[in-house]
Participant: 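Before anything else, here's the structure in question.
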Amino acid sequence: MNKRVPHGRYGHFVPYLLLACDLLVINAIFIIILLLNREDVPRGEGRMLMILYNVAYILIDRRSFGVRGARTVTMDKLVAKALSMVVLQGVLFFALVMFLGDTQVGWSFYAELFGTLFVVLPISWIVTRLIVKKMRRRGRNTVNVVFFGANDAAARLARELQDDAGYGYVIHGFFDLGRPENYSAGKYLGNLNQFKEYIDKHQVDEIYYTLPGDDDETLKQIIKIADDNIITFYYVPQLTRTVARTFHLDHVGLSPVLRAHRNPLENPVNRFIKRGFDILFSVCFLLVSPIIFIPVAIAIKMSSSGPVFFRQKRTGYLGKEFTCLKFRTMRVNDQSNTCQAVRGDSRTTKIGAFLRRTSIDELPQFINVLKGDMSIVGPRPHMLKHTHDYTQLIDRYMVRHLIKPGITGWAQVLGYRGATEELWQMEGRVEKDVWYIENWHLMLDIKIIVRTVINAIRGEKNAY
């Protein structure tokens, strides 16, 4: 049996290298802030605070490994975790300071210290993440993977693992009880007997079992082989053969159950955070909105007769109707509630085309956000006719109404906006909307807002 080196040569040192980088960064920040405030911080007290500063970080650093060690983590989740680390370090640091006694250092020192850390640590994590991904693309710190089960579930998962070379997954191939017919997803390596021989002769870090769960004997053998060779084993449920959706593991007492949808916004704390962000952002925008609204209103009135605002009934939270506000971009017509705008639509005015291309026409919806009908980020609300039609045609269409609709959304920044002339376009939009609901966190909202602004400046090719 080969001596196994998990996650590539020296791969087990990566968490310690990340910790060393973090300590280098936070100590550099502390020293710089200390030098800027050296007249206000006695030398002996500064050393004591620096020790507590490091102790606090080391004590909570293990909380970050779950996210930083995840090969498929997104940058927004990484930033969110870094910010939470700064908060936790601050809480623990001040608890240690208070426990050891009063300090003569002013609060301005602490504000500068943790304010700087709040900005610099997420940047540091992004940089180290990019370095690790580059290292994995070059064949270092990789994970060697084999599949037992050469079927559609294995092919689908293999595509996910290889979606980004920076994840560092090296798929050796696929085993099965017998050679499958018409299978072209990857290299077929053999049957169960050949699987045992392969594991003995090759470095394998992870096994993904994708056969149906009714073959208990084969499953037991594969688990035993994984255990005997200290290989991480994953069981892939075959629900996707009959149900085209993602399930999430939950528990009722000690019994595991699979839940059809995971919605982080069912948590009251998360709802409070999202609603608080919506109100704060909307109020700040609406205070300065006359700078935009007044000239846009004048331009609309000069371009064609009719109201400045276009009001339309749309489907909102839990399927309830609400009146959605937009700047009017078309001449008044009888088809506005049944027909989408299309490229070169004769109903669109010249100023309206500009407003649509830059997404300025959506800005009045900040009023909807403040009223509570919408959120800044969420699935885009559709006209009532679309809700009725697509509910009959698309699986999980109504799931997108589990949260409030948004001015912008994940689907929109990925290019799924504008007219949906083909069914697959709406299916793609629904898929992205459901993914957003199941993976919501505040940093994802901020990421979407930033990308929306960038897209608006560039101009949206699908906005017409």
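Just so you know, these numbers use all the heavy atoms, side chains as well, and skip hydrogens, waters and symmetry mates. Positions are given from 1, in the same order as the sequence printed here.
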Participant: Using a 3.5 Å distance criterion without hydrogens, assess whether the side chain of Arg400 forms a donor-acceptor pair with backbone atoms of Asp433.
Facilitator: no

Participant: When you measure from the side chain of Thr323 to the backbone N and O of Gln312, does any donor-acceptor pair fall under 3.5 Å?
Facilitator: no

Participant: Give, for atom CZ of Arg159 and atom CG of Leu157, the distance between the pair rounded to the nearest 0.5 Å.
Facilitator: 10.0 Å

Participant: Do the non-hydrogen side-chain atoms of Pro379 and Ile403 ever get within less than 4.5 Å of each other?
Facilitator: yes

Participant: Looking at side-chain heavy atoms only, is the closest gap between Phe147 and Leu161 below 4.5 Å?
Facilitator: yes

Participant: Could you report the tightest heavy-atom contact between Leu442 and Ile273, atom names first, then the distance?
Facilitator: CD2-CG2, 3.9 Å

Participant: Using atom types as modelled and distance alone, determine if a side-chain donor or acceptor of Asn141 lies under 3.5 Å from a backbone N or O of Gly168.
Facilitator: no

Participant: With heavy-atom distances below 4.5 Å as the criterion, would you say the side chains of Tyr209 and Leu211 are in contact?
Facilitator: yes

Participant: Please tell me whether Asp76 and His441 have a donor and an acceptor in their side chains that are separated by less than 3.5 angstrom.
Facilitator: yes

Participant: We want to know whether Tyr110 and Glu112 form a side-chain donor-acceptor pair, criterion being a heavy-atom distance below 3.5 angstrom.
Facilitator: no

Participant: Find the distance between CG (Asp389) and CG (Leu384) and round it off to the nearest 0.5 Å.
Facilitator: 11.0 Å

Participant: Between atom NZ of Lys81 and atom CG of Leu78, what is the distance when rounded to the nearest 0.5 Å?
Facilitator: 10.5 Å

Participant: Using only atom types and a distance under 3.5 Å, with no angle test, would you say the side chain of Asn267 pairs donor to acceptor with the backbone of Val269?
Facilitator: yes

Participant: Using atom types as modelled and distance alone, determine if a side-chain donor or acceptor of Lys404 lies under 3.5 Å from a backbone N or O of Gly372.
Facilitator: yes

Participant: Keeping the roles fixed (side chain from Gln89, backbone from Tyr53), state whether a donor-acceptor pair exists under 3.5 Å.
Facilitator: yes

Participant: With salt bridge (Lys or Arg N to Asp or Glu O under 4.0 Å) as the test, would you mind laying out the steps for Asp228 and Lys224 before giving the verdict?
Facilitator: CA-CA 6 Å; Asp228 291 346; Lys224 178 172 173 43; 3.1 Å; yes

Participant: Considering residues at least two apart in sequence or located in another chain, which fulfil the side chain to side chain donor-acceptor pair (under 3.5 Å) criterion with Asn27?
Facilitator: Asn54

Participant: Within a strict 4.5 Å, meaning less than it, do heavy atoms of the Thr315 and Glu321 side chains meet?
Facilitator: no

Participant: Would you please name every residue forming a ring pair (Phe, Tyr, Trp, His ring centres under 6.0 Å) with Phe114, sequence neighbours left out?
Facilitator: Phe93, Phe94

Participant: Less than 6.0 angstrom separating the ring centers of Phe175 and Tyr188, yes or no?
Facilitator: no

Participant: Please tell me whether Asp22 and Tyr57 have a donor and an acceptor in their side chains that are separated by less than 3.5 angstrom.
Facilitator: yes

Participant: Do you know the tightest heavy-atom contact between Pro122 and Leu83?
Facilitator: CG-CD2, 3.5 Å

Participant: Ignoring hydrogens and angles, tell me if any N or O in the side chain of Asn368 forms a donor-acceptor pair with the backbone of Cys324 under 3.5 Å.
Facilitator: no

Participant: Does CZ in Phe233 sit with more than 12 non-hydrogen atoms of other residues, nucleotides or ligands closer than 6.0 Å?
Facilitator: yes

Participant: Ring centroid separation for Phe148 and Tyr208, is it under 6.0 angstrom?
Facilitator: no

Participant: Indicate whether any N or O donor in one side chain lies under 3.5 Å from an N or O acceptor in the other, for Asp278 and Ser375.
Facilitator: yes

Participant: So which atom in Ala150 and which in Thr210 form the shortest heavy-atom distance, rounded to 0.1 Å?
Facilitator: N-OG1, 4.5 Å

Participant: What's the spacing between Ile437 CD1 and His401 NE2 if we round to 0.5 Å?
Facilitator: 9.0 Å

Participant: Looking at CD1 of Ile58 and CD1 of Ile26, how far apart are the two atoms once the value is rounded to the nearest 0.5 Å?
Facilitator: 7.5 Å

Participant: Testing Arg71, Arg137, Arg129 for salt bridge (charged side-chain N to carboxylate O under 4.0 Å, His left out) with Asp164, which one passes?
Facilitator: Arg137

Participant: More than 12 foreign heavy atoms under 6.0 Å from CZ of Arg271: is that the case here?
Facilitator: yes

Participant: Does Val204 reach the side chain of Tyr198, with side-chain heavy atoms less than 4.5 Å apart?
Facilitator: yes

Participant: Is Lys220 salt-bridged to Asp216, going by a charged N under 4.0 Å from an acidic O?
Facilitator: no

Participant: Has Gln365 got a side-chain atom pairing as donor or acceptor with Leu325's backbone, closer than 3.5 angstrom?
Facilitator: yes

Participant: Do we see a donor-acceptor contact under 3.5 Å between the side chains of His382 and Tyr397?
Facilitator: yes

Participant: Mind listing the closest non-hydrogen atom pair of Met426 and Ile394 along with its distance?
Facilitator: CG-CD1, 3.3 Å

Participant: Given Val430 and Val434, is the side-chain contact (heavy atoms from CB on, under 4.5 Å) satisfied, shown in steps?
Facilitator: CA-CA 6 Å; Val430 171; Val434 174; 4.2 Å; yes

Participant: With a 4.0 Å cut-off on N to O distance, would you call Glu362 and Arg380 a salt bridge?
Facilitator: yes

Participant: Return yes when atom OH of Tyr167 has more than 12 non-hydrogen atoms of other residues, nucleotides or ligands closer than 6.0 Å, and no otherwise.
Facilitator: yes

Participant: Test Phe322 against Lys313 for side-chain contact (heavy atoms from CB on, under 4.5 Å), laying out the working first.
Facilitator: CA-CA 6 Å; Phe322 75 100; Lys313 290 291 184 181; over 6 Å; no

Participant: Quick one: does any side-chain atom of Asp205 pair with a main-chain N or O of Thr232 as donor and acceptor, under 3.5 Å?
Facilitator: no

Participant: Which atoms form the tightest heavy-atom contact between Asp445 and Lys274, and what is the distance?
Facilitator: OD2-NZ, 2.7 Å

Participant: At their closest point, which heavy atom of Phe174 faces which heavy atom of Ala154, and how far apart are they?
Facilitator: CE2-CB, 3.8 Å

Participant: Would you check if Ile33 and Phe109 make a side-chain contact, meaning some heavy-atom pair closer than 4.5 Å?
Facilitator: yes

Participant: Under the side-chain contact (heavy atoms from CB on, under 4.5 Å) criterion, do Tyr436 and Val377 qualify, and how do the steps go?
Facilitator: CA-CA 10 Å; Tyr436 168 79; Val377 181; 3.4 Å; yes

Participant: Examine distances only and state if a side-chain atom of Ser282 and a backbone atom of Ile279 form a donor-acceptor pair shorter than 3.5 Å.
Facilitator: no

Participant: State, with a plain yes or no, whether a side-chain heavy atom of Phe366 is found less than 4.5 Å away from one of Ser289.
Facilitator: no

Participant: Could you tell me if the side chain of His172 sits less than 4.5 Å from the side chain of Val145, heavy atoms only?
Facilitator: no

Participant: Please assess Tyr169 against Thr142 for the test side-chain contact (heavy atoms from CB on, under 4.5 Å), listing each intermediate value before the final yes or no.
Facilitator: CA-CA 6 Å; Tyr169 289 101; Thr142 56; over 6 Å; no

Participant: Can you tell me how far CG of Asn229 sits from CD1 of Ile207, rounded to the nearest 0.5 angstrom?
Facilitator: 7.5 Å

Participant: Among side-chain atoms of Trp410 and Asn439, is any donor-acceptor pair under 3.5 angstrom?
Facilitator: no

